[in-house]
Amino acid sequence: MSTPGTRFYYGWVIVALGFGTMLLVQGSFASAGVLFAALTEEYGWSRATISLPFSIALVDYAALTWLAGRLFDRYGPRRLFPCGALCLGLGLITTAQARAPWHLYLTWGVLVAQGLNLIGFVPHLTQMALWFRQRRGLASGLVLSGASIGTLVLVPGTQYLVNRYGWRLAYTVLGLIVVGCLVPLNALMQRHHPADLGLYPDGAPASPPAVAGLAGVPVTDSWTLRRALTTRRFWYLFVMVTGIGWLSNITNVHHIAHLVGNGFPSLLAAQVVALMGLMRAAGSPLWGVLADRFGREGIYAIGTCLCLSGLACLASLSPAAPAWLPYGYALAYGLGFGVHGAVETTATADIFHGPHLGTILGVLELGWGLGGFLGSWFGGYWYDHWGSYHRNLGFSPWKRRGFIPRRGNAFPGLSQRG
């Protein structure tokens, strides 16, 4: 605890716990691309059919994010997070027993989705807003970097287990790890408010209104959901979050299949995705610190432009593309995408502060789920319709320019490319 006579603030324990929790939670969810590729290989179902459970998961997730936010506001993380970890773990374990598409609709589409809902982004970022004000961007970025490290570690780790032992055993083990680690840790160590330990936000000795003033946040009446819905800023944020959901999920579900379809080995494709996770892990706290220092809007615009340049690399990928292109995608998209969570959620907390923040963030997350549903499904539909993730117009931009891709060992692992 932090008092005038000590320097340690328990809020940083909350950040560390959130980092570890989000590592396992988001890492498990981000392995959807690994599961997608394994199901395609084993069953030969159409990609639209296989995409549907992941789209259903996003709809289920988004439809009840407002409830997760409200439950967090009312009951706190110490009771909510162990329930979410149990739901997520059981969803992964039962997914490993799926034999038909409708099995996946229930296991991944319902259990995994609601596990992410109860112990995922909305509750954790609401918690960071309660424990921090002056360093809200940094704290949120550190927790979100845990989600990115989860992608870095669990996507290639899960792919390795799938390649060596099969996808059923891989997802059973993953579910057991989630339950065994997250349920006891969150039940024992979580706290809802700094006041539960006699503290103020940021560990400051001042009262909360004084801290708010120091952080540059105007002291006004607390926001309610009804009041937030009447503002244009809320709806601007809703449209933005919907776009982020589309972008995030059309890539998360389909980029491994896209890389493999263009001649890269599956493990190498997972490594490229893991590199993207590393860049997101570095980017989230970096963007958070910059946003705390220089303001949210300008920093958000810079990160978004970087993200779009990475998407241009992914869209240009083809069998004739240069060997560096997947790495350009991972570096630019990964670093740029880190700005979305770190800055968007802290800006929302700056605007709609108060005891109903979890509910407001939950309703905004409905837009993320809507965009994610459409993006995940649309990627599968587009591939089934055109036979490719980018329509084949009869030319390659690299071939047209006379570029001959390098086939040597400039990048480790690319020599395996077919």
Using the ring of each side chain (for Trp, its six-membered ring), is Trp246 parallel, tilted or perpendicular to Phe378, with breaks at 30° and 60°?
-> tilted
For the side chain of Thr346 and the backbone of Val343, is there at least one donor-acceptor N/O pair under 3.5 Å apart?
-> yes
Looking at CG of Leu35 and CG of Leu104, how far apart are the two atoms once the value is rounded to the nearest 0.5 Å?
-> 6.5 Å
What distance do Leu361 atom CG and Thr126 atom OG1 have between them, rounded to the nearest 0.5 Å?
-> 4.5 Å
Go through Leu311 and Leu247 one step at a time and tell me if the side-chain contact (heavy atoms from CB on, under 4.5 Å) criterion holds.
-> CA-CA 9 Å; Leu311 285 175; Leu247 173 65; 3.1 Å; yes
Evaluate salt bridge (Lys or Arg N to Asp or Glu O under 4.0 Å) for Arg136 paired with Asp350, printing each intermediate quantity in order.
-> CA-CA 9 Å; Arg136 182 175 289 165; Asp350 291 343; 3.0 Å; yes
Side chain to side chain contact (heavy atoms under 4.5 Å, CB included) with Thr359: which of Thr65, Leu71, Asp73, Thr224?
-> Asp73
Mind checking whether Trp167 and Tyr43 have parallel, tilted or perpendicular rings, split at 30° and 60°?
-> perpendicular
Which atom names give the shortest non-hydrogen contact between Leu174 and Ser31, and what distance separates them?
-> CD2-OG, 4.4 Å
Please round to the nearest 0.5 Å and tell me the distance separating atom OG1 of Thr21 and atom CD of Gln127.
-> 9.0 Å
When rounded to the nearest 0.5 angstrom, what distance separates SG in Cys181 from CG in Leu24?
-> 6.0 Å
In terms of side-chain heavy atoms, does Ser145 have a donor or acceptor partner in Ser284 at a distance below 3.5 Å?
-> no
Taking every heavy atom of Val339 against every heavy atom of Thr304, the minimum-distance pair comes out as CG1-N, 4.1 Å
Just wondering, more than 12 heavy atoms not from Arg78 lying within 6.0 Å of its CZ?
-> yes
Just checking, is any N or O donor in the side chain of Tyr75 or His192 under 3.5 Å from an acceptor N or O on the other one?
-> no
Aromatic ring proximity Trp235/Phe238, centre distance under 6.0 Å | yes
Looking only at heavy atoms, what is the nearest atom pair of Asp202 and Phe132, with distance?
-> OD1-CD2, 3.4 Å
Nearest non-hydrogen partners of Val15 and Ala139, listed with the distance = CG2-CB, 4.1 Å
State the CG-CH2 distance between Asp292 and Trp287, to the nearest 0.5 angstrom.
-> 14.0 Å
On the 0 to 90° scale, with breaks at 30° and 60°, tag the Tyr9-Trp131 ring pair as parallel, tilted or perpendicular.
-> tilted
Mind telling me whether Phe337 and His340 have parallel, tilted or perpendicular rings, with 30° and 60° as the class edges?
-> perpendicular
Before giving the answer on side-chain contact (heavy atoms from CB on, under 4.5 Å), spell out for Trp108 and Thr94 the whole-Å C-alpha distance, their side-chain angles and the decisive distance to 0.1 Å.
-> CA-CA 8 Å; Trp108 194 279; Thr94 53; over 6 Å; no
Heavy atoms of other groups near Glu42 CD, more than 12 under 6.0 Å | yes
May I ask you to decide if the ring planes of Phe352 and Trp223 are parallel, tilted or perpendicular, using 30° and 60° as cut-offs?
-> perpendicular
